[in-house]
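Since we're looking at a predicted model, the values are computed, not measured.
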Amino acid sequence: MALERQTSWGKLTAAALFLEGVCGGTFLVAFLLDLLKIYEPVVRIGLLVGPGLGIIAGIILFSKLGIRGNGWRVVLNLSSWMARGALSLGLVIVFGLGYAIPSLWLPWNETVGGIIVGVIAAIGSLILMLYGGLVLGAAKPIPTWNSSTLPLLSLFTSLLGGMGILFLLSPVLGTVQIVNFLHVLGRAGIILIILELLALWGYIEVGLRGSISSANSLGLTLKMPSFLAGALIVGLGLPLALLIWGIFIADGALVIILPIIVGLLLAIGGLYLRYTVLKAGMYIALYPV
Amino acid sequence: MARWGMVIDLKKCVGCQSCTIACKAHHFVPPGVFWTWAYDYDIGQYPNVRRTFLPMLCMHCQKSPCVEVCPTGATIQREDGIVYIDYTKCAGCRYCELACPYRARTFNDKLRNYFGDKPTPYEEFPDELRAPEERYVAGSVSKCTFCMDRIEKGLKDGLKPGVDHEATPICIAACIAEARSFGDLDDPDSEISRLIVSRGGFQLLRELGTDPSVYYLH
């Protein structure tokens, strides 16, 4: 048939891309908070959880390979975004843990050496956050993946996912600190959600006006429950509403559990968005449709 | 150095799929995998409707996206333009499958038999007798190789690919309508170069900048 959806990458790849992005987002946000010396209990755990999620992503990607014995070769051709992503993942895991683990017992994060290690991991994190869009963008025959907004979407989703993970870890802070944590990170979260909604709108608008396969692909996206319910409502709409309510309106005990709820919703939404983008990817038509 | 290419005359193709079967038979291609095939589709509106066939295969692009995206360097482009897969390096990530605009690659999750669970004697053909580029394994992708083995053997025997059938890809030899031609794109006097110039040969999805070595004629 003229219009074919891609079937090479599915749920597991979506999960791995999501985890890679959230690995980068969690580590980067935790690293920045660590440099500011705030919310230390959450930051200590976050610096470990970030690379930990990266290890899980690596295991999933490795298990997806058809010939695992050649898996080590995946970093050899650096003109490939997959090789660059694998290298960046390695950087975040090795240097991220190299920053986080010694900092548990020593003031390693206050030394020049420690900060350099952390910065290397942070650079790897930044690449990982963009990677989800860049690796798909190299697949030229799938027009919706070539959108320049996809790396941006990947960046925002990863940052929000990282924040979501830190929100999920927030119970280690005291009650007062949780509220303060929600207010500080939550404000950044509101801005990021709005930016992501704008990027998503741009992605859809440009795609709908593109080629036949692009328009069909996005038409399909807009009908998929994983997009409407999963990515839009659960992943962005509800967290936005809850954050606005929690920061500007609410007052009371309910605010303490809000970070956990928002964190969960952000994580679920991010995963569904990755899945939808992969599933709805449609090849350019080879003959007239 | 020659740059091998193919020209397919869409006016002559009758969609018999002889090329598909010949390729499968020659390269021991497993069930569900096609290295060449012909799409058939209708164009026009009633009552002016026409059935058209579009033979497809790996285009052996000069700016191959599959070579660029392959993280292990398993996809290699030779000097003569032929793109092939080194199965000792392929990790089976399927990135090349996504990057190919022509859907030329197929992932072999497992190597199936044509008739039931046990392979026929034909399917048990020893690996040592297969050409290296045919030794795809389960978990890798496979695709058209422009019958590299036939070209290389033919050149060694002093034959001319595109002229002598024994040195020419099997799909060309099998085509009952003589819709396919093969030769050196860098030789302006070759049959395919003259066909491209005289008949206005075009490349599929030229706008993607892949510069395929397969041209089509209206």
Side-chain angles (χ1 to χ4, degrees), chain A residues 1-10 12-13 16-17 60-89 134-146 210-211 213 278 281-289, chain B residues 10 37-44 50 52-56 59 61 63-76 86-110 136-142 204-205 207-210 216:
Chain A
M1 43 183 182
L3 293 175
E4 293 174 41
R5 277 203 277 174
Q6 69 84 16
T7 53
S8 309
W9 286 357
L12 279 179
T13 310
L17 287 177
I60 293 173
L61 288 168
F62 187 76
S63 74
K64 274 280 301 167
L65 290 177
I67 305 172
R68 288 174 204 141
N70 283 337
W72 64 272
R73 294 178 181 273
V74 157
V75 291
L76 292 182
N77 179 20
L78 287 177
S79 73
S80 163
W81 267 108
M82 188 173 285
R84 294 169 188 169
L87 215 58
S88 304
L89 184 63
L134 294 168
V135 74
L136 298 185
K140 290 181 194 177
I142 299 176
T144 46
W145 290 6
N146 292 156
S211 62
S213 54
L278 280 189
M282 215 172 261
Y283 285 105
I284 202 166
L286 282 170
Y287 52 86
V289 178
Chain B
L10 295 176
W37 66 96
Y39 281 126
D40 66 85
Y41 59 97
D42 305 318
I43 53 172
R50 193 159 56 88
T52 301
F53 306 99
L54 180 64
M56 294 294 298
M59 300 281 157
C61 307
K63 292 168 194 160
S64 306
C66 54
V67 171
E68 198 184 303
V69 304
C70 179
T72 65
T75 298
I76 301 161
D86 182 348
Y87 293 106
T88 60
K89 294 181 182 172
C90 179
C93 68
R94 305 178 73 171
Y95 201 8
C96 52
E97 230 190 330
L98 288 168
C100 178
Y102 309 103
R103 269 70 111 206
R105 292 174 172 246
T106 315
F107 180 67
N108 307 295
D109 58 340
K110 52 184 178 184
Y136 43 82
V137 294
S140 68
V141 290
S142 64
L204 271 188
L205 300 178
E207 66 275 18
L208 294 181
T210 53
Y216 292 86

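- For A:K140, the parts lying under 4.5 angstrom from a heavy atom of chain B are both the backbone and the side chain.
- Note: B:P71 leads B:P71, B:G139, B:A74 in heavy-atom pairs under 4.5 Å with chain A.
- In this structure, the portions of A:I284 lying under 4.5 Å from any heavy atom of chain B include both its backbone and its side chain.
- Between chain B and the options A:L76, A:L65, A:L61, the largest number of non-hydrogen pairs under 4.5 Å is found for A:L65.
- Among all heavy-atom pairs drawn from B:T75 and B:C66, the shortest one is CG2-SG, 3.8 Å.
- Heavy-atom distances place the backbone of B:A138, and not its side chain, under 4.5 Å from chain A.
- Heavy atoms of B:T88 lying under 4.5 Å from chain A belong exclusively to its backbone.
- Considering every non-hydrogen atom in both B:Y39 and A:E4, the closest pair reads OH-OE2, 3.2 Å.
- Proximity to chain A involves both the backbone and the side chain of B:Y102, based on heavy atoms less than 4.5 angstrom apart.
- Proximity to chain A (any heavy atom under 4.5 Å) is restricted, for B:C100, to the backbone atoms N, CA, C and O.
- The side-chain heavy atoms of A:V135 and B:Y95, taken from C-beta on, include a pair separated by under 4.5 Å.
- B:V141 does not touch chain A: none of its heavy atoms, backbone or side chain, sits under 4.5 Å away.
- Chain A forms the most heavy-atom pairs under 4.5 Å with one residue out of B:F107, B:Y41, B:Y87, and that residue is B:Y41.
- With a 4.5 angstrom heavy-atom cutoff, B:L98 touches chain A via backbone and side-chain atoms both.
- Residue B:L208 touches chain A through both its backbone and its side chain, counting heavy-atom pairs closer than 4.5 Å.
- Heavy atoms closer than 4.5 Å to chain B are found in the side chain of A:W145, but not in its backbone.
- In this structure a side-chain-to-backbone donor-acceptor pair under 3.5 Å is missing from A:N77 to B:T72.
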